[in-house]
Amino acid sequence: MAEDDAVDPIRPEFPTARVKKIMKLDKDINKVNSEALFLVSCSTNLFLRFLAERTAEVAAEKKKKTVKLDHLRTAVKRHRPTSDFLLDSLPIPAESAQSVARSATDRDRSRPVADKSAPAGTRRIDHFFRKPENEAPIQINDA
C-alpha cells in the first residue's frame, strides 16, 4: 500500500483550461469531462513531439541547424496520415526569388509575427495560450 501512495500523477504539459477552451470552439461539444481533456492534452503533446522529431530529421538530412517551414512541410508530406489533414493548413512557401530579392532593410522594417494581424475571421493560436489578466493564480492544497 505504501508504494501506491508514492506514485506521482501524470500531468499534461498544456494548460488544461486553454485546451478545454479550444475544444469547446467546436459547436458540437457542450461539455468536456476530465478524462477526455487529459487524453486530448496528452495526444497533442505526443503529436507535437512526433512532428518536431520528424522535422528535425529533415533539417539534419539537409545539413541545416535551423528548422524552417520548408522542413516542416517535407516532414508532413512524408507522413501520409498527417499529410491528409495538416498540409492544407500550413502556409504556402514563399517563392525563392522573393526571398532572395528581399534586402536587409526590408527585414529591419518587418514587424515581429506577434504584432502582425491575423486574416479576417481567424485568431492567432497564441491567443488561446495567453494567461488572462483577470485570472487569479490557482492554489493547490496538499493535505
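- Nearest approach of Ser89 to Phe85, heavy atoms of both residues: OG-O, 3.8 Å.
- For Glu13, the side-chain contact (heavy atoms from CB on, under 4.5 Å) partners two or more places apart in sequence, or in a different chain, are Asn45, Arg49.
- A salt bridge (charged side-chain N to carboxylate O under 4.0 Å, His left out) check over residues 36-48, counting only residues at least two apart or in different chains, returns nothing.
- Identified under the salt bridge (charged side-chain N to carboxylate O under 4.0 Å, His left out) test for residues 77-89, with sequence neighbours left out: Glu61-Arg78, Arg80-Asp84.
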When the side chains of residues 24-32 are checked against the rest of the protein, which donor-acceptor pairs come out under 3.5 Å, sequence neighbours left out?
{"residue": "Asp26", "atom": "OD1", "partner": "Asp28", "partner atom": "N", "Å": "3.1"}

Side-chain donor-acceptor pairs of residues 35-44 under 3.5 Å, sequence neighbours excluded:
{"residue": "Ser41", "atom": "OG", "partner": "Leu37", "partner atom": "O", "Å": "3.0"}
{"residue": "Ser43", "atom": "OG", "partner": "Leu39", "partner atom": "O", "Å": "2.7"}
{"residue": "Thr44", "atom": "OG1", "partner": "Val40", "partner atom": "O", "Å": "2.7"}

- Query: Are Leu86 and Phe47 close enough, and set up right, to give a side-chain contact (heavy atoms from CB on, under 4.5 Å), and what steps lead you there?
  - Reply: CA-CA 12 Å; Leu86 188 59; Phe47 175 71; 4.1 Å; yes
- Query: Yes or no on side-chain contact (heavy atoms from CB on, under 4.5 Å) for Leu72 and Leu51, after CA distance, side-chain angles and deciding distance?
  - Reply: CA-CA 8 Å; Leu72 177 64; Leu51 198 56; 3.7 Å; yes
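- Ala59 and Thr66 make their closest contact through CB-O, 4.4 Å (heavy atoms, listed as atom of the first residue, atom of the second, distance).
- Remark: Lys62 engages Asp70 in a salt bridge (charged side-chain N to carboxylate O under 4.0 Å, His left out) (not counting sequence neighbours).
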- Phe14 and Leu48: CA distance, side-chain angles, deciding distance, side-chain contact (heavy atoms from CB on, under 4.5 Å) verdict: CA-CA 11 Å; Phe14 296 110; Leu48 289 177; 3.5 Å; yes
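- Using a 4.5 Å cut-off on side-chain heavy atoms (C-beta onward), Lys64 and His71 make contact.
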